[in-house]
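Each remark here refers to the structure printed beneath this line.
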Amino acid sequence: MTTRPGRGRPKASDGADRRAALVDAARRLFAERGFAGTSLRAVAREVGVDPALVSHYFGDKQGLLVATMALPVDPAARIREVLAGGPAGLGERLVRTFTETWDPHEDVIAALLRTAMTGDTERAPALQLARDVLVVGVREQLDGADADGRAALVAAQVVGLAVTRYVARLPHVRDLAPAELARVYGPAVQTLVDGR
């Protein structure tokens with residue numbers, strides 16, 4: 001007599017294999033369909049598991065995207081932390097947190113950015129993160145005219161900062177400590193947040 005596995009959480013022995021299979025399926029679907037075109041249900045279907053299991057392992061689609069990138073930190077969680085402080089001072093917080101998070105892992109972010117610039121920019125994980133996590137999150141904080149455009153420009157400033165600090169390694173941008181860079185560059189980002 002065979003017994004069917006129950007719904008819900010997997011046995012510990014199955015956990016690592018199922019998680020890895022979900023990450024592989026998500027990586028493939030994100031590459032084929034992009035972030036917006038991939039659902040947790042579709043990823044679960046690829047592996048033959050209940051969609052609740054995907055949520056159990058990764059929380060939401062942003063968490064799943066981060067897992068496919070095999071990053072040493074969860075940038076989506078860091079972005080949410082920064083945004084939780086509201087729009088006042090967001091520019092400086094964003095620059096400081098971004099650089100404090102990535103400076104210890106600059107080789108990882110440099111590789112992600114190089115891949116994004118030379119591959120399919122529509123589906124590159126680093127750019128999907130910028131579009132679907134940073135732009136969307138910043139947009140929720142903004143009021144006033146052209147909030148959509150301002151949110152996109154905030155992301156452009158952060159991605160541009162990343163390229164000049166970690167890929168091009170421009171001396172002044174590269175050499176400033178995170179707090180000093182936030183003090184100098186944060187107000188430029190804040191101008192877009194405030195809509196001035």
Side-chain angles (χ1 to χ4, degrees), residues 30 34-36 60-63 65-196:
F30 284 142
F35 183 84
D60 58 16
K61 192 162 63 164
Q62 292 174 355
L65 174 64
V66 169
T68 67
M69 297 164 69
L71 300 177
V73 294
D74 181 347
R78 297 306 308 266
I79 290 168
R80 285 191 292 269
E81 290 168 13
V82 169
L83 295 173
L90 178 59
E92 287 194 35
R93 286 195 320 274
L94 196 55
V95 172
R96 186 183 62 252
T97 302
F98 183 84
T99 51
E100 285 175 349
T101 299
W102 285 113
D103 279 5
H105 311 289
E106 63 183 89
D107 54 333
V108 174
I109 193 166
L112 284 169
L113 291 167
R114 284 190 190 97
T115 301
M117 291 186 291
T118 59
D120 179 356
T121 57
E122 184 63 27
R123 295 187 173 100
L127 298 182
Q128 288 185 50
L129 185 69
R131 261 192 318 270
D132 300 313
V133 179
L134 182 57
V135 173
V136 170
V138 169
R139 172 59 187 91
E140 291 172 357
Q141 297 292 321
L142 304 185
D143 293 320
D146 196 25
D148 291 335
R150 289 172 23 232
L153 288 169
V154 168
Q157 286 185 309
V158 172
V159 171
L161 174 62
V163 170
T164 56
R165 188 171 177 92
Y166 303 114
V167 179
R169 299 177 63 83
L170 293 181
H172 188 69
V173 178
R174 178 67 193 107
D175 298 339
L176 288 177
E180 181 63 11
L181 186 60
R183 187 188 66 75
V184 173
Y185 192 61
V189 178
Q190 192 66 40
T191 298
L192 288 167
V193 171
D194 295 339
R196 293 186 297 214

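Not a single donor-acceptor pair under 3.5 Å links the side chain of R174 to the backbone N or O of A168. Looking at R131, its side chain never comes within 3.5 Å of a backbone N or O of A155 through a donor-acceptor pair. Listed for the R93 side chain is a donor-acceptor partner under 3.5 Å among the backbone atoms of V82. Without hydrogens or angle criteria, R150 side chain to V193 main chain gives a donor-acceptor distance under 3.5 Å.
Judged by distance alone, the side chains of D194 and Q190 do bring a donor and an acceptor atom under 3.5 Å apart.
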**Q.** Full working for salt bridge (Lys or Arg N to Asp or Glu O under 4.0 Å) between E106 and R169
**A.** CA-CA 10 Å; E106 63 183 89; R169 299 177 63 83; 2.5 Å; yes
Q: Kindly determine whether T99 and Y166 satisfy side chain to side chain contact (heavy atoms under 4.5 Å, CB included), including the steps that lead there.
A: CA-CA 10 Å; T99 51; Y166 303 114; 4.0 Å; yes
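In this structure the side chain of V95 never reaches within 4.5 angstrom of the side chain of Q157, judged on heavy atoms. In this structure, T97 and E81 have side chains that are not in contact, with every pair of non-hydrogen atoms separated by 4.5 Å or more. Residues L129 and P75 are in side-chain contact: their nearest non-hydrogen atoms beyond the backbone lie under 4.5 Å apart. Contact of the L181 side chain with the L161 side chain is registered, since non-hydrogen atoms from C-beta on lie closer than 4.5 Å. Side-chain contact between I109 and T101 is absent, with no heavy-atom pair separated by less than 4.5 Å.
Atom CG of residue L192 and atom CG of residue D146 lie 9.5 Å apart, to the nearest 0.5 angstrom. Of the inter-residue distances, the one linking H172 atom NE2 with T164 atom OG1 reads 11.0 Å to the nearest 0.5 angstrom. Here the CG atom belonging to D175 is positioned 8.5 Å from the CZ atom belonging to R165, to the nearest 0.5 angstrom. The CD1 atom of I79 sits 9.0 Å away from atom CG of D74, with the distance rounded to the nearest 0.5 Å.
When all heavy atoms of V159 and A130 are compared, the closest pair comes out as CG2-CB, 3.9 Å.
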Contacts table for residues 135-142: side-chain donor-acceptor under 3.5 angstrom, sequence neighbours left out:
residue	atom	partner	partner atom	Å
R139	NE	D148	OD1	2.7
R139	NH1	L142	O	3.2
Q141	NE2	L83	O	3.2

